[in-house]
Amino acid sequence: MTPQQNIRCREISIQIGLNGFSFVVFDLDPTGFGGEAIVRSVAYRDTDMASILVSEPMLTAIDPPMGRVFVGCATDNVLLVPQLLFEPERAEQYLTAANMYVPEMTTLSNNLLSAQAAAVWQVDAGLAAGLLQLYPGALFYHPLLLELDATPAGCVQAILDGELVHLTVCHDRLYAAETLRVDTPEELLYYIQKLVKRDGFTSYRLMLTGEGAGRFRSFFEPYFSDVEVRDIRFYNHQRIREICG
């Protein structure tokens, strides 16, 4: 165990959504006596992050010291680029070619979470600058990357994330991935049917993950060979830390 690992510290996960944000503060006790605990978890229906973050004691405290900081950006305006073709310095060019580039916004990318694809997206310039000032070493990521390498064959995986769904479809290998704005289970089923584009739709398994996922089981069961539900609060916050070790 290195000296750094012997130090009790905090890890922070921030998740930015379309109409607000949430954060989770993890208290890591390397001795094993206190284990690992969520000491603060808040979801705000507010987009004024700057003033809120600086007023949160657990985000600005000196003790225990700050460890890793993850910032997830949930937006449906995201572009996936095959990992073999991705060049970080060309991120804005990819968005421009896809007619998705907005000049006054900050372009972000991440190619660390999946062996198959990198994600390119944009956020408000002031928001990005404020977060980088608070947390210069933060890892920015898009939640669509979290399950690209983990969706089993013959499976549709849907991560419920507020007003968005991060959807991946795997035949014998990854076939499609997209982040969508979805209001109803009927709308989600429609998008899944469009993405699958194969006969024998009911042969697919469906994995529903996220807070409140359990309430949709009965709706989807007639359409899939099996429906697995993982009703997990703050799923993205925990999953990003799991992937990053």
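Heads up: numbering here begins at 1 and tracks the sequence.
If you run side-chain contact (heavy atoms from CB on, under 4.5 Å) between Y141 and each of L146, I243, L112, only L146 comes through.
Side-chain contact check for T179 and D76: no donor-acceptor pair (N or O, by modelled atom type) lies under 3.5 Å. No donor-acceptor contact under 3.5 angstrom links the side chains of H142 and S109, judged on distance only. With 3.5 Å as the limit, one finds a donor-acceptor pair spanning the side chains of Q122 and T107. Using modelled atom types, one finds a donor on one side chain and an acceptor on the other under 3.5 Å when comparing H166 with D161. Q157 and T151 share a side-chain donor-acceptor pair at under 3.5 Å.
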Walk me through it: do R181 and E187 pass the test salt bridge (Lys or Arg N to Asp or Glu O under 4.0 Å)? CA-CA 9 Å; R181 297 192 190 210; E187 192 174 2; over 6 Å; no

Dump the intermediate steps for side-chain contact (heavy atoms from CB on, under 4.5 Å) on D124 and T106, then the final yes or no. CA-CA 6 Å; D124 177 81; T106 294; over 6 Å; no

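The side-chain tip of R241 points at the ring of F26 from less than 6.0 angstrom away and within 45° of straight on.
Around the CD atom of Q133, the shell of radius 6.0 Å holds no more than 12 heavy atoms that belong to other residues, nucleotides or ligands.
Under a hydrophobic-cluster definition in which Ile, Leu, Val, Met, Phe, Trp and Tyr are linked whenever side-chain heavy atoms come within less than 4.5 Å, directly or via other members, W121 and M105 are assigned to different clusters.
Under a 3.5 Å cut-off, the side chain of Q116 and the backbone N or O of L148 do form a donor-acceptor pair.
Note: Y204 and H171 meet the aromatic proximity criterion, with ring centroids under 6.0 Å apart.
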